[in-house]
Amino acid sequence: MSSTVTGQRTPTALIVGASRGLGHAMAAELLGRGWNVIGTVRDTSAPTPLHDLADRAEGRVTIEHLDVNEPDHLAPLYERLAERRLDLLFVNAGTTNNEQTPIGKVATDDFVEVMITNALGPMRVIEALEDLVSPTGLIGAMSSGQGSITNNTTAGREVYRGSKAALNMFMRSFAARQAETQRGFALLAPGWIRTALGGPDAPFTVEESVPLLVDVLLSKLGTPGLAYLDRSGRTVPW
């Protein structure tokens with residue numbers, strides 16, 4: 001899939017959480033396929049890989065400021081983007097706590113931080129910006145295979161698992177409220193990837209993973225309804 005440009009209009013994607021890692025790589029992949037990209041960064045005090053991408057992109061990459069944990073950022077962002085039409089809105093946000101702590105021993109502050117960053121924050125973004133997305137566009141978020149209740153046979157990472165399961169449930173409710181629309185909705189389970197969150201022992205690299213993830217996302221364009229999909233486009237059990 002070398003390009004997704006159709007007709008005379010270049011499609012536009014908003015990638016929330018694109019400063020580095022998977023979000024930045026997805027922005028670069030879409031740019032390479034002919035898309036315009038708007039990417040958000042949380043910290044505006046220092047340049048990021050997204051800034052480097054924008055410097056090379058000849059005006060096709062726009063950088064915006066957004067912290068998904070700060071609801072007050074959303075209305076100003078909406079106003080700044082009000083004249084833009086989005087074909088894809090994708091929220092890439094994730095954090096974790098001490099992975100071996102069982103849920104009954106997790107500190108309240110740790111629980112709240114992970115749940116807000118991984119579940120509530122992304123849904124606030126989606127709810128706030130959905131009107132910018134084309135009626136036939138796609139809205140998605142980065143979930144995890146560890147958000148699957150069916151597949152949880154090993155425990156571990158309990159707050160992280162719960163936060164991604166919560167994101168899946170919230171996204172399912174959001175999609176159900178739009179059941180009559182032509183929009184597509186996607187939750188991606190990318191697999192264990194070598195990022196700051198995944199760590200150095202993960203079996204998959206960003207470079208080999210992101211083209212597959214973008215393929216899966218773009219396959220959902222024009223297909224109404226919600227899907228929970230892995231890196232190969234296979235349905236993940238809820």
Side-chain angles (χ1 to χ4, degrees), residues 1-5 10-43 46-64 66 68 86-96 99 117-118 122 125 138-148 151 157 160-161 164 167 184 186-221 227-236:
M1 191 181 301
S2 61
S3 176
T4 54
V5 178
T10 301
T12 298
L14 171 57
I15 307 295
V16 173
S19 60
R20 55 183 54 85
L22 283 179
H24 163 259
M26 291 176 72
E29 181 71 16
L30 286 164
L31 182 70
R33 298 188 190 208
W35 284 59
N36 292 330
V37 176
I38 305 165
T40 73
V41 300
R42 183 176 59 182
D43 183 2
T48 70
L50 183 65
H51 289 84
D52 296 336
L53 182 67
D55 289 342
R56 303 190 302 269
E58 299 180 345
R60 293 176 47 219
V61 173
T62 303
I63 299 176
E64 292 286 351
L66 176 65
V68 300
L86 304 178
D87 300 277
L88 169 63
L89 165 60
F90 189 79
V91 183
N92 174 56
T95 190
T96 190
E99 297 178 358
T117 301
N118 292 2
V125 172
L138 177 66
I139 298 174
M142 192 69 80
S143 185
S144 169
Q146 295 192 351
S148 169
N151 285 348
R157 307 192 79 188
Y160 181 82
R161 287 179 185 273
K164 291 299 187 177
L167 172 66
L187 290 157
L188 287 188
W192 190 11
I193 301 174
R194 282 174 231 150
T195 62
L197 185 63
D201 296 328
F204 302 120
T205 67
V206 170
E207 292 76 15
E208 67 185 320
S209 301
V210 164
L212 299 176
L213 295 173
V214 171
D215 281 345
V216 171
L217 267 184
L218 298 188
S219 73
K220 275 290 291 172
L221 274 173
Y228 179 22
L229 303 169
D230 70 12
R231 57 194 274 125
S232 299
R234 296 171 299 204
T235 297
V236 182

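Values in this document were obtained by computation on a predicted structure and should not be read as measured data. Counting from 1, the numbers follow the sequence of the chain as shown.
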| field | Non-neighbouring partners of Ser19 that pass side chain to side chain donor-acceptor pair (under 3.5 Å), sequence neighbours left out | value | none

| query | For Ala28, which residues count as a side-chain contact (heavy atoms from CB on, under 4.5 Å) partner, sequence neighbours excluded? | reply | Leu53

| request: Considering non-hydrogen atoms only, spot the tightest contact between Ala18 and Gly39 and give its length. | output: CB-CA, 3.9 Å

| task | Determine the minimum heavy-atom distance between Ile63 and His51, stating which atoms define it. | result | CD1-CD2, 3.5 Å

| request: Output the distance between atom CG (Asn151) and atom CZ (Arg161), rounded to the nearest 0.5 Å. | output: 9.0 Å

| Among all residues two or more places apart in sequence or in another chain, which pass the salt bridge (charged side-chain N to carboxylate O under 4.0 Å, His left out) test with Arg234? | Asp230

| task | Please report the closest heavy-atom contact between Gly233 and Val216, naming both atoms and the distance. | result | N-CG2, 3.5 Å

| message | Using the rule given for side-chain contact (heavy atoms from CB on, under 4.5 Å), can you reason through Ile38 versus Leu86, listing the C-alpha separation, both sets of side-chain angles and the distance that settles it, and then say yes or no? | response | CA-CA 9 Å; Ile38 305 165; Leu86 304 178; 3.9 Å; yes

| With sequence neighbours left out, what residues match Ser148 under side chain to side chain donor-acceptor pair (under 3.5 Å)? | none

| Leu213 vs Glu29 side-chain heavy atoms within contact, under 4.5 Å | no

| Separation between CD1 of Ile139 and NZ of Lys220, rounded to the nearest 0.5 Å | 11.5 Å

| Quick one: OG1 on Thr40 to CG on Leu14, what's the gap to the nearest 0.5 Å? | 6.5 Å

| note | d(Thr96 OG1, Asn118 CG) to nearest 0.5 Å is 7.5 Å

| query | Taking only residues two or more places apart in sequence, or in another chain, which ones meet Asp43 in a side chain to side chain donor-acceptor pair (under 3.5 Å)? | reply | Ser45

| query | Do any N or O atoms from the side chain of Arg60 and from the backbone of Leu31 form a donor-acceptor pair under 3.5 angstrom? | reply | yes

| request: Name all residues meeting the side chain to side chain donor-acceptor pair (under 3.5 Å) criterion together with Asn92; count only those two or more places apart in sequence or in a different chain, and write none if there are none. | output: none

| request: For side-chain contact (heavy atoms from CB on, under 4.5 Å), just list the numbers for Val214 and Arg33, CA-CA rounded to whole Å, side-chain angles, deciding distance to a tenth of an Å, and then say yes or no. | output: CA-CA 10 Å; Val214 171; Arg33 298 188 190 208; 3.7 Å; yes

| said: To the closest 0.5 Å, what do you measure between OG1 (Thr62) and CG (Asn36)? | reply: 7.5 Å

| field | Approximate separation, where rounding is to 0.5 Å, of Thr12 OG1 and Leu30 CG | value | 10.5 Å

| Closest approach of Met142 and Phe90, non-hydrogen atoms and distance? | N-CZ, 3.5 Å

| message | Looking at every non-hydrogen atom in both residues, tell me the closest pair between Leu217 and Leu138 and how far apart they are. | response | O-CD2, 3.1 Å

| said: List the residues meeting side-chain contact (heavy atoms from CB on, under 4.5 Å) with Arg42, not counting sequence neighbours, and say none if there are none. | reply: Asp67

| task | Flag the pair Asp52 and Arg20 as a salt bridge only when some basic side-chain nitrogen lies within less than 4.0 angstrom of an acidic carboxylate oxygen. | result | no

| said: So, using side-chain contact (heavy atoms from CB on, under 4.5 Å) as the criterion, who are the partners of Ser143 when residues are at least two apart? | reply: Lys164, Leu167, Asn168, Leu187, Tyr228

| task | Please report the closest heavy-atom contact between Ser144 and Pro190, naming both atoms and the distance. | result | CA-CD, 4.3 Å

